[in-house]
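For reference, the structure discussed in these notes is given below.
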Amino acid sequence: MVIILEKYINDAIIGNSSIILGLNKKGDILRFYAPEIDYMQHINEHKVGLVVNSNCVQWFNDTNIFKYEQYYEENANVVYTKIYNDNICIIQRDFVDINIDVLVRTYSIEYNNYGTEDLKIIVLSSKERDIDRFVCNKYDKDLDCLMQFTKDTYFVTFSNTKVYKYIVNDACTRAGNLWFDDREYEGLSNDGAVSYCFEKESPTITLFIGVRENYILTKKMIETVRKIDTNLMYEDTKKYWHNVIKKANMYNFKNDKEKEIYIRSILTLPMYTNNSTGGTIAALEVDERLEKCGRYAYCWPRDAMYFMNAFNACELKEIANIFYTKFVPCTQSENGMWEQRFYTDTSFGPSWGEQTDQTSSMIVGLIEQYDYVEDEKLRLVMRNTIEKGIQYLLSVINEEGIPNDTYDIWETFYGNNQYTLASIICAIKKYQEFNKESEHKNTIIKLIPKLEHNIISLFWREDLGYFVKTTKDSIVDSSFLGTIYPFNIFSPTDEKVIKTVQAIENRLISNVGGIKRFENDQYMDGNPWVICTLWLSLYYISKYEITNDIDDKNKALEYFDWVTNHSSLHGFLPEQVCKDTGIPIWVNGLAWSHGLYIICIDKLYGKN
């Protein structure tokens, strides 16, 4: 069993599409991304503690001293962490302001049995640094704030409460013992600390943490925030997220847990989306140092197609419109293809090989979104983008209807694979209907029968009785289910399809339930994936729509319920569930998981 350390798990996530943060169950900030949700991470370590009568610091994340409860405000990306013991209870409230890119963190004393009013909090902030990000700490006396800056970023902690004391050198060592030295106002260290006193009249302290590119913008941010009533910031932010929920479809859910996950999905996906471009990250990052994976905070075009299908399903179509009219045309290469990964500002992201299904997925998504876009200029952009994409797609298929070798959906195999061919067939057939007078009309008429023949002849193994993953092995792969949703290549009642689904259920189900990606999967020890399990649910939903057989509907609900019952704290869906314990284990809040959950909800329950 793979052991997952706390630093990889974002238990709670808050943001506003420019800033995004991950918190653990104790309320610590694990990661703070700004000025964009995928660049850059500023936190090396961040913790807060309590000082009573000038004694040693009681760090809030010390489980030997404190207990914790954590919950979200209903229908809003506002998180509360209750930090308490027999002597004191402090409520920490966190949200990212929807109008100003700043974290608003409030500490309120609920009860105090220490018999003293001499209470302070210490904020220890260790900023991420590397060879090109040489960090300097500075206590700015004019602005009364802790600045941790590099050449092009100022990470700032400030408050409306006056700083009591500060440290700018070696705060990780000195703060716990209250070795404050106010004579040093700046130092060549990446960790600093500030302390604040709770006032007798109002046992509340509000901190603000923000990032700006230079000193002038930082000064302007601090001055602006200090002029605004914190309660107004809270109310505006809460109202914004309430309105997002109001726009979305609601359904007759079977239970409160389904509703919780659906609401969390509606609140999470917009935080993952760049409002200017529509680009959407796969998840808030979990592994900045590449210790277990190639990182997640990028936009895979193919993955984003599923997210946009979810936005459309829940009536948040304006987000999908921005994605297909801005992000997609801007990220298309000159030759008409889409690369593997991008930053959400449309910059090319670190990638490791061509995946043809990225291109075919974008053509499918563009054509399906086209009728939702009313602006004729934007529709023209979409048409031109589609034409370039089709030109490229046709160029990578030979005369026999066999595509060039490419990486598969899981990025583990290079060659011909069924999922990619299914995406190509879907894209070309949709294009045939979209532009019936295309210059490629005759080529496509001749090509489609060859492609449809090849997806069976290349991958169906009569001796095995199922469709295989690739032309070079006999592996059962859950991505076969993509031939049903979203690509609609086969009928779910086709005998070959039914046999392959049986093979998936027989060979890929784990000891705790849920469906693995494929046989002998080694990534993170081969656990069941939420998306693979939801794919199977979608298959049975599609089959039920044809057969009206209650057994098919029950099967769909069985796999859907498994996902519901294996969600994590606060209704987040992970990428994977541990095959040994059944506990969510990797990439909490995966956008693909949440997107497919929304799609399943819509297909299971219809619009209310």
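Keep in mind that the numbers below use all heavy atoms, side chains included, and drop hydrogens, waters and symmetry copies. What you see is a predicted model; the values in this text were computed from it and never measured.
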#### Entry: Asp101 side chain to Ser18 backbone, donor-acceptor under 3.5 Å
no
### Query
Is there a donor in the side chain of Asn309 and an acceptor in the side chain of Tyr485, or the other way round, less than 3.5 Å apart?
yes
### Query
Counting distance only, does the side-chain N/O of Arg295 pair as donor-acceptor with the main-chain N or O of Glu285 below 3.5 Å?
no
### Query
Strictly under 6.0 Å, is that where the ring centroids of Tyr540 and Phe560 end up?
no
### Query
Measuring from Gln369:CD to Asn321:CG, what's the distance to the nearest 0.5 Å?
5.0 Å
### Task
Scan side-chain atoms only and decide if Ser360 and Asp357 contain a donor-acceptor pair under the 3.5 Å cut-off.
no
### Task
Tell me yes or no: between the side chains of Gln340 and Gln355, is some donor less than 3.5 Å from an acceptor?
yes
### Task
Dump the intermediate steps for ring pair (Phe, Tyr, Trp, His ring centres under 6.0 Å) on Tyr262 and Phe253, then the final yes or no.
CA-CA 9 Å; Tyr262 178 75; Phe253 301 99; 5.4 Å; yes
### Message
Between Arg341 (side chain only) and Pro350 (backbone N and O only), is there a donor and an acceptor less than 3.5 Å apart?
### Response
yes
### Message
Against Thr153, only a single residue in Gln148, His42, Glu213 fulfils side-chain contact (heavy atoms from CB on, under 4.5 Å); can you say which?
### Response
His42
### Query
How long is the gap from CE on Met305 to CZ on Phe323, to the nearest 0.5 Å?
9.5 Å
### Query
Less than 6.0 Å separating the ring centroids of Phe155 and Phe149?
no
### Query
Glu223 and Lys220: salt bridge (Lys or Arg N to Asp or Glu O under 4.0 Å), yes or no, with the steps?
CA-CA 5 Å; Glu223 291 173 346; Lys220 181 178 180 181; over 6 Å; no
### Summary
Minimal heavy-atom distance between Cys426 and Ile489, with the atoms involved, is N-CD1, 4.0 Å
### Task
Just do the ring pair (Phe, Tyr, Trp, His ring centres under 6.0 Å) check on Tyr39 and Tyr33 with the steps written out, would you?
CA-CA 6 Å; Tyr39 188 83; Tyr33 276 82; 8.4 Å; no
#### Entry: Separation of Ile266 CD1 from Trp241 CH2 (nearest 0.5 Å)
11.0 Å
#### Entry: Close aromatic pair by centroid cut-off 6.0 Å: Trp529 and Trp410
yes
### Task
State, to 0.1 Å, how close Pro270 and Val244 come at their nearest heavy-atom pair, and which atoms those are.
CG-CG1, 4.4 Å
### Message
Under 3.5 Å, is there a donor on one side chain and an acceptor on the other for Ser126 and Asn44?
### Response
yes
### Task
Rounded to the nearest 0.5 Å, what's the gap from CD on Gln332 to CG on Asn384? Could you check?
9.5 Å
### Query
What do the steps show when you test Tyr80 against Ile91 for side-chain contact (heavy atoms from CB on, under 4.5 Å), and what is the final call?
CA-CA 7 Å; Tyr80 294 85; Ile91 305 298; 3.9 Å; yes
### Query
Is it the case that Asp97 and Asn16 place a side-chain donor and acceptor less than 3.5 Å from each other?
no
### Query
Are there more than 12 heavy atoms of other residues, nucleotides or ligands under 6.0 Å from atom CG of Asp152?
yes
### Test applied, side-chain contact (heavy atoms from CB on, under 4.5 Å); reference residue, Ile19; option that passes from Val211, Val96, Ile100, Ile209
Val96
### Task
Indicate whether the side chain of Trp338 and that of Thr331 have a donor and an acceptor atom separated by less than 3.5 Å.
yes
#### Entry: Side-chain donor/acceptor of Gln92 to backbone N/O of Gly27, under 3.5 Å
yes
### Message
For a quick check under 3.5 Å, do Ser125 and Thr157 share a side-chain donor-acceptor pair by atom type?
### Response
no
### Query
Backbone N or O of Val135 within a donor-acceptor pair of the Thr150 side chain at under 3.5 Å?
no
### Query
In Å and rounded to the nearest 0.5 Å, what is the OH to OG distance from Tyr559 to Ser537?
9.5 Å
### Query
So, does Thr406 use its side chain to make a donor-acceptor pair with the main chain of Thr356 at under 3.5 Å?
yes
### Task
Could you walk me through whether Tyr407 and Phe413 pass the ring pair (Phe, Tyr, Trp, His ring centres under 6.0 Å) test, one step at a time?
CA-CA 6 Å; Tyr407 277 104; Phe413 169 81; 8.7 Å; no
### Message
Counting neighbours of NZ on Lys26 that are heavy atoms of other residues, nucleotides or ligands and sit closer than 6.0 Å, is the number greater than 12?
### Response
yes
### Task
Give a yes/no verdict on a cation-pi contact between Arg212 and Tyr154, requiring under 6.0 Å between NZ or CZ and the six-membered ring centre and an angle within 45° of the axis.
no
### Query
Within 45° of the six-membered ring axis of Phe208 and under 6.0 Å from that ring's centre, is NZ or CZ of Arg105 located there?
no
### Task
Would you verify whether the NZ or CZ of Arg379 falls within 45 degrees of the ring axis of Tyr370 while also being under 6.0 Å from that six-membered ring's centre?
yes
#### Entry: Minimum-distance pair of heavy atoms, taken over all atoms of Gln70 and Asn24
NE2-O, 3.0 Å
### Message
We want to know whether Ser333 and Tyr392 form a side-chain donor-acceptor pair, criterion being a heavy-atom distance below 3.5 angstrom.
### Response
no
### Summary
Taking every heavy atom of Asp287 against every heavy atom of Cys293, the minimum-distance pair comes out as OD2-N, 3.1 Å
### Query
Can Tyr240 and Asn77 be counted as having a side-chain donor-acceptor contact under 3.5 angstrom?
no
### Message
Whether the Tyr296 and Glu575 side chains hold a donor-acceptor pair (N or O, under 3.5 Å, no angle test) is what I'd like checked.
### Response
yes
#### Entry: Pair Tyr605, Lys254: side-chain N/O donor-acceptor within cut-off below 3.5 Å
yes
### Query
Among side-chain atoms of Trp300 and Tyr306, is any donor-acceptor pair under 3.5 angstrom?
no
### Task
Determine, step by step, whether Lys25 and Glu69 satisfy the salt bridge (Lys or Arg N to Asp or Glu O under 4.0 Å) criterion, reporting the C-alpha distance in whole Å, the side-chain angles of both residues, the deciding distance to 0.1 Å, and the verdict.
CA-CA 8 Å; Lys25 296 174 184 178; Glu69 295 175 16; over 6 Å; no
### Heavy-atom closest pair, residues Pro584 and Ser567
CG-O, 3.7 Å
### Query
What class does the angle between the rings of Tyr234 and Phe95 fall in, given that below 30° is parallel, 30 to 60° is tilted and above 60° is perpendicular?
tilted
### Query
Is there a donor-acceptor contact under 3.5 Å from the side chain of Ser568 to the main chain of Leu573?
no
### Message
Could you walk me through whether Tyr68 and Lys82 satisfy the side-chain contact (heavy atoms from CB on, under 4.5 Å) test, starting with their C-alpha distance in whole Å, then the side-chain angles of each, then the deciding distance to 0.1 Å, before giving a yes or no?
### Response
CA-CA 5 Å; Tyr68 313 91; Lys82 181 178 178 181; over 6 Å; no
#### Entry: Polar side-chain atom of Asn249 near backbone of Ala313 as donor-acceptor pair, under 3.5 Å
yes
#### Entry: Between His570 and Glu260, a side-chain donor and acceptor under 3.5 Å
no
### Query
Does Lys317 count as lying over the ring of Tyr372, i.e. NZ or CZ under 6.0 Å from the six-ring centre, within 45 degrees of the axis?
yes
### Message
For Phe32, is there any backbone N or O sitting under 3.5 Å from a side-chain donor or acceptor partner on Gln41?
### Response
yes
### Query
Hey, does the side chain of Asn274 reach the backbone of Gly278 with a donor-acceptor pair shorter than 3.5 angstrom?
no
#### Entry: Exercise: identify the closest heavy-atom pair between Ser479 and Ile409
CB-CG2, 3.8 Å
### Message
Looking at Tyr523, I'd like to know if the NZ or CZ of Arg517 sits under 6.0 Å from its six-membered ring centre while staying within 45 degrees of the ring's axis.
### Response
no
### Query
Between atom CD of Glu288 and atom NZ of Lys7, what is the distance when rounded to the nearest 0.5 Å?
9.0 Å
### Query
Under 30°, 30 to 60°, or over 60°: which ring-plane class applies to Tyr431 and Phe434, parallel, tilted or perpendicular?
tilted
